[in-house]
A.B. asks: 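Questions regarding the structure given below will be posed in turn.
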There are 2 protein chains.
Amino acid sequence: MPDNPQTQKEQPRRRQARGERRIAQLLEAAAQVFCTTGYTAASTNAIAREAGVSPGTLYQFFPNKEAIAIELGDRLMHEMRDAYGEALAPVDPATPLEEAVGAAVDRFIAFNTDHPVFFALMHGPDMPGGITDAHDQLHTSLIGRVEGLLASLVPDASPADVTRTAHVCLGIYKAGLELVLTHEGPERAAYVQEIKNVLTRYLEPLVGDRIGQGRAGSAARVTPGITRTAPPGTSA
Amino acid sequence: MPDNPQTQKEQPRRRQARGERRIAQLLEAAAQVFCTTGYTAASTNAIAREAGVSPGTLYQFFPNKEAIAIELGDRLMHEMRDAYGEALAPVDPATPLEEAVGAAVDRFIAFNTDHPVFFALMHGPDMPGGITDAHDQLHTSLIGRVEGLLASLVPDASPADVTRTAHVCLGIYKAGLELVLTHEGPERAAYVQEIKNVLTRYLEPLVGDRIGQGRAGSAARVTPGITRTAPPGTSA
DNA sequence: GTGAAACGCGAGCGATCTCTCGTGTTTGCC
DNA sequence: GGCAAACACGAGAGATCGCTCGCGTTTCAC
């Protein structure tokens with residue numbers, strides 16, 4: 001053991017440009033297969049076939065099936081960090097709640113429609129051990145951001161309450177996302193609006209008396225009654 | 001084919017009392033295994049072992065693994081129909097929204113904690129084909145009940161809107177259920193209250209001006225601010 | 001040019017899972 | 001008591017999947 005110069009990590013593998021290309025190719029293929037069949041049902045042979053390479057080639061770049069999902073999740077998390085940094089970083093203490101929620105939801109939805117794998121891996125079923133850790137990391141990071149936003153909206157609230165509220169918000173979003181992804185066109189837009197309504201109405205009493213908006217006034221502004229169809233100018 | 005007296009169903013199997021007992025035993029074992037490992041990861045041998053019988057005995061009562069989950073879902077659906085009939089059948093046009101939602105949520109939660117398998121099978125991942133049909137049936141039935149309740153609350157709403165709202169309500173509940181099941185004691189009770197808050201606040205603007213309750217008044221009554229801890233006398 | 005290492009292949013090993021089959025035991029009916 | 005059918009067993013057939021291994025090809029530093 002001590003004769004090994006690197007105590008823990010062993011990456012003496014010098015990747016060539018070709019190898020990096022194969023890795024990207026394999027991850028893309030894995031995303032495709034995971035999306036359609038889920039993680040457990042996806043076979044490594046199917047991933048290799050989808051990528052147009054042999055099983056042996058796949059295992060030259062990934063030690064096992066789990067590592068593929070982990071690497072995929074890792075890359076996804078980095079892209080998500082960027083997207084969610086934009087979405088949640090500026091707390092905007094002056095913008096109305098409805099706008100803030102709407103903008104955040106729109107960005108989340110956009111990310112998930114751009115990367116369908118994310119949903120497949122999150123709602124993935126029996127993720128054996130290690131993957132759950134990798135996604136817990138992402139989930140915790142998300143919760144942290146929502147907590148920060150909530151704390152700035154509701155300064156006088158115990159941390160436990162903020163954490164719980166953050167979990168509820170994320171749960172609402174995830175449930176709504178499932179509904180959004182199973183619909184198309186105007187119906188999808190309608191569900192997006194419903195997510196915003198649910199979140200806004202849920203958070204409205206919490207932010208209470210904010211800068212310039214009375215409660216009743218804003219409550220009446222949140223698309224009264226059942227949302228008719230899609231609000232104008234959402235994604236166009 | 002025409003020589004068979006029964007055109008479609010073939011159940012010439014005369015079950016003895018022992019057989020019925022075994023079936024119940026096997027379903028109970030299957031519920032246990034599905035709960036802990038999920039559907040796909042659960043092996044029929046493990047189910048048989050849990051039930052204390054041999055694999056061959058299992059296949060004397062179920063043609064395949066899928067049939068076990070379907071039969072389990074069927075029995076669960078019947079119990080659920082009863083429970084949800086109680087919870088949603090009386091629309092109670094006079095009871096305040098908060099109470100109606102609270103009662104419905106409490107019963108749903110009670111059912112799910114009594115039958116953890118249901119959650120495992122619903123959020124089950126890759127349910128091969130037939131099972132999804134069986135659960136779609138249940139899901140549709142549930143949606144129908146929620147639709148009926150909503151239609152009575154919001155008479156002047158298009159069917160499409162009612163359907164969408166029902167889906168949103170069920171989605172909220174399912175998301176909340178996941179949070180509830182992952183917590184214990186007072187924290188769990190707090191999440192239950194949050195589900196009620198979310199649903200009540202979401203539906204409040206829709207039911208609009210009902211019999212005797214002003215909007216602002218009821219809005220203020222929905223546990224103002226972030227819920228502190230557990231409401232008194234929920235499950236004790 | 002040459003040698004070492006990265007890349008690529010695909011048959012197949014070992015493990016696992018669903019489901020079958022031959023055989024023996026128990027139950028219900030006459 | 002006797003017989004047919006239901007019940008019970010457990011080894012293993014058949015299929016699949018994760019992953020390996022031996023060998024050939026390409027790339028790159030020198």
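Here is the naming used below: chain letters follow the sequence lines, and residue numbers restart at 1 for every chain.
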A.B. asks: If you assign A:Arg15 and B:Ser43 each to the DNA chain C nucleotide with the nearest heavy atom, which residue ends up on the more 5' nucleotide?
C.D. replies: A:Arg15

A.B. asks: Would one find a side-chain N or O of A:Tyr59 under 4.0 angstrom from OP1 or OP2 of D:dT20?
C.D. replies: no

A.B. asks: Categorize B:Ala48 for me: base, sugar-phosphate, or nothing, with a 4.0 angstrom heavy-atom threshold over every strand shown.
C.D. replies: nothing

A.B. asks: Grab the CZ-P distance between A:Arg49 and C:dA11 for me, whole Å please.
C.D. replies: 13 Å

A.B. asks: Looking at A:Glu71 and A:Arg75, does any basic side-chain N land under 4.0 Å from a carboxylate oxygen?
C.D. replies: yes

A.B. asks: Grab the CG-P distance between B:Leu58 and C:dT18 for me, whole Å please.
C.D. replies: 10 Å

A.B. asks: Let me confirm one number: the CD1-OH distance from A:Ile172 to B:Tyr202, rounded to the nearest 0.5 Å.
C.D. replies: 11.0 Å

A.B. asks: Pick the closest DNA chain C nucleotide for B:Ala46 and for A:Ala17 by heavy atoms, then say which residue is nearer the 5' end.
C.D. replies: A:Ala17

A.B. asks: Out of D:dA8, C:dC7, C:dT18, which nucleotide sits closest to the side chain of B:Thr44?
C.D. replies: C:dT18

A.B. asks: Rounded to whole angstroms, how far apart are CZ on B:Phe62 and P on C:dT20?
C.D. replies: 15 Å

A.B. asks: Anything under 30° is parallel, anything over 60° is perpendicular, the rest tilted; go ahead and classify B:Tyr173 against B:Phe108.
C.D. replies: perpendicular

A.B. asks: Can you tell me how far C1' of C:dG8 sits from CZ of A:Phe61, to the nearest Å?
C.D. replies: 8 Å

A.B. asks: Is the shortest side-chain N/O distance from A:Thr57 to OP1 or OP2 of C:dC7 below 4.0 Å?
C.D. replies: no

A.B. asks: Rounded to the nearest angstrom, tell me the gap between atom CD in B:Gln16 and atom P in D:dA8.
C.D. replies: 9 Å

A.B. asks: Within the 4.0 Å heavy-atom criterion, would you say A:Asn64 contacts the bases, only the backbone, or no part of the nucleic acid?
C.D. replies: sugar-phosphate

A.B. asks: Does a sphere of radius 6.0 Å around CD in A:Glu28 hold more than 12 heavy atoms from other residues, nucleotides or ligands, not counting ones at 6.0 Å or beyond?
C.D. replies: no

A.B. asks: Given D:dA8, is OP1 or OP2 found less than 4.0 Å from the side-chain N or O atoms of B:Arg22?
C.D. replies: yes

A.B. asks: Under 4.0 Å, heavy atoms only, any strand: does A:Gly19 hit a base, just the sugar-phosphate, or nothing?
C.D. replies: sugar-phosphate

A.B. asks: Give the rounded distance in Å between these two atoms: CD1 of A:Ile47 and P of D:dC17.
C.D. replies: 12 Å

A.B. asks: Distance under 6.0 Å and angle within 45° of the ring axis: does B:Lys65 meet both against B:Tyr59?
C.D. replies: no

A.B. asks: Could you check how far CZ of B:Arg21 sits from C1' of D:dA6, rounded to whole Å?
C.D. replies: 13 Å

A.B. asks: Please report the distance, rounded to the nearest Å, between NZ in B:Lys65 and P in C:dT18.
C.D. replies: 4 Å

A.B. asks: Which nucleotide wins on minimum distance to the side chain of A:Gln60, given the candidates D:dG10, C:dC7, C:dA6?
C.D. replies: C:dC7

